[in-house]
Amino acid sequence: MKKPRLRFPLNDIVMIADRYEYSVSETDLMHLIPEVLKRRYLTKDELQRVAYWKSPRSAGHAGKNDEVYVTEVTRFALSTKSERARIQSLTLLDGVSWPTASVLLHLFHGDPYPILDFRALWSLHLEVPAHYGFGFWWPYVEFCREVATTAGVNMRTLDRALWQYSKENQQIAQQLTAAVGLALSAEL
């Protein structure tokens with residue numbers, strides 16, 4: 001993985017995060033946090049709600065999990081000391097890929113975790129890998145933790161800023177890149 005770097009000044013994180021707008025409200029998810037942190041596992045219904053927020057298509061797949069299985073897998077993931085086991089065990093659940101697993105850790109683990117999302121990656125000059133793995137995940141986590149600490153913000157604020165910056169700028173940047181490419185090919 002190449003070294004991530006912010007596309008915007010560190011001092012702009014809070015300002016950008018304040019403009020955050022996502023199509024599915026996260027208010028319901030935020031209300032789940034204290035109870036899940038106290039209990040140290042998720043229910044099947046809670047898993048489905050998180051899956052729907054991250055990717056509405058995956059919510060149905062998450063619903064295929066047995067209640068006891070969800071409890072056991074999430075209990076393990078939220079209590080293990082192994083970073084690798086923490087993220088990868090969550091992907092054993094139906095409907096939970098690396099991005100959704102990252103949301104589960106982001107919301108329900110006591111340590112700060114960023115969310116894997118194409119928008120957040122773009123805001124850090126990173127490409128979405130063909131396959132996620134721990135070798136990509138862990139350096140991404142460490143970088144985001146360092147940025148959040150340096151900026152004096154929590155991980156939720158940083159995540160909102162990364163997502164919102166991409167939403168506001170990624171399409172424009174891609175259009176400009178395409179236009180420059182067309183102009184250069186026309187000159188040849």
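- For residues 29-81, the pairs satisfying ring-ring contact (aromatic ring centres under 6.0 Å, His included) are Y22-W53, with sequence neighbours left out.
- K2 places no side-chain N or O within donor-acceptor distance of the main-chain N or O of L126, the cut-off being under 3.5 Å.
- Looking at Q164 and R160, their side chains never bring a donor and an acceptor atom within 3.5 Å of each other.
- The salt bridge (charged side-chain N to carboxylate O under 4.0 Å, His left out) contacts involving residues 127-136 comprise nothing, where partners must be two or more places apart or lie in separate chains.
- Side-chain N or O atoms of Q48 include none that pairs as donor or acceptor with a backbone N or O of A62 at under 3.5 Å.
- The two residues Y132 and W98 come nearest to each other via the heavy atoms CB-CG, 3.4 Å.
- For the ring-ring contact (aromatic ring centres under 6.0 Å, His included) test, no residue two or more places apart in sequence or in another chain qualifies with H106.
- Within the structure, every pair that satisfies the salt bridge (charged side-chain N to carboxylate O under 4.0 Å, His left out) test and touches residues 71-81, not counting sequence neighbours, is listed here: E72-R75.
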Stepwise side-chain contact (heavy atoms from CB on, under 4.5 Å) test for F108 and T74: CA-CA 10 Å; F108 305 118; T74 59; over 6 Å; no
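- Taking the ring-ring contact (aromatic ring centres under 6.0 Å, His included) definition, one finds that Y20 meets it with W163, sequence neighbours left out.
- Listed by first then second residue, pairs satisfying salt bridge (charged side-chain N to carboxylate O under 4.0 Å, His left out) with a partner in residues 15-24 read R19-E168, not counting sequence neighbours.
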Test side-chain contact (heavy atoms from CB on, under 4.5 Å) applied to L162 and I13, step by step: CA-CA 8 Å; L162 295 173; I13 290 173; over 6 Å; no
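- In this structure, the side chains of V147 and V153 stay at 4.5 Å or more apart for every pair of heavy atoms.
- With sequence neighbours excluded, the residues satisfying side-chain contact (heavy atoms from CB on, under 4.5 Å) with A101 are I87, L90, T91, V96.
- Atom CG in L6 sits 7.0 Å away from atom CG in L158 (nearest 0.5 Å).
- Applying the salt bridge (charged side-chain N to carboxylate O under 4.0 Å, His left out) test to every pair with at least one member in residues 139-153, sequence neighbours left out, gives no pairs at all.
- With rounding to the nearest 0.5 Å, the separation of CG in L93 from OG1 in T100 is 10.5 Å.
- Judged as a side-chain contact (heavy atoms from CB on, under 4.5 Å), and not counting sequence neighbours, the contacts of L37 are I33.
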CA sep, side-chain torsions, deciding dist, call: F8, N169, side-chain contact (heavy atoms from CB on, under 4.5 Å): CA-CA 11 Å; F8 53 87; N169 296 283; over 6 Å; no
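- Under a 3.5 Å cut-off, the side chain of D159 and the backbone N or O of M155 do not form any donor-acceptor pair.
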Side-chain polar contacts of residues 109-119 - donor-acceptor pairs under 3.5 angstrom, sequence neighbours left out - could you list them?
{"from": "H109", "atom 1": "ND1", "to": "D111", "atom 2": "N", "distance (Å)": "2.9"}
{"from": "H109", "atom 1": "NE2", "to": "R86", "atom 2": "NE", "distance (Å)": "3.4"}
{"from": "Y113", "atom 1": "OH", "to": "E83", "atom 2": "OE1", "distance (Å)": "2.5"}
{"from": "Y113", "atom 1": "OH", "to": "E83", "atom 2": "OE2", "distance (Å)": "3.2"}
{"from": "Y113", "atom 1": "OH", "to": "R86", "atom 2": "NH1", "distance (Å)": "2.6"}
{"from": "D117", "atom 1": "OD1", "to": "K54", "atom 2": "NZ", "distance (Å)": "2.6"}
{"from": "D117", "atom 1": "OD2", "to": "R119", "atom 2": "N", "distance (Å)": "2.8"}
{"from": "R119", "atom 1": "NH1", "to": "S166", "atom 2": "OG", "distance (Å)": "3.4"}

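- The closest donor-acceptor contact from the side chain of R7 to the backbone of W122 lies under 3.5 Å.
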Pair E67-D45, side-chain contact (heavy atoms from CB on, under 4.5 Å): steps then yes or no: CA-CA 9 Å; E67 183 77 44; D45 176 66; 6.0 Å; no
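- Applying the side-chain contact (heavy atoms from CB on, under 4.5 Å) criterion to N154, with sequence neighbours excluded, gives R156, T157.
- Two residues are said to be in side-chain contact when any heavy atoms from C-beta on lie closer than 4.5 Å; S102 and V141 fail this criterion.
- Scored by the side-chain contact (heavy atoms from CB on, under 4.5 Å) test, E46 finds L32, V36, R39, L42, T43 as partners (sequence neighbours excluded).
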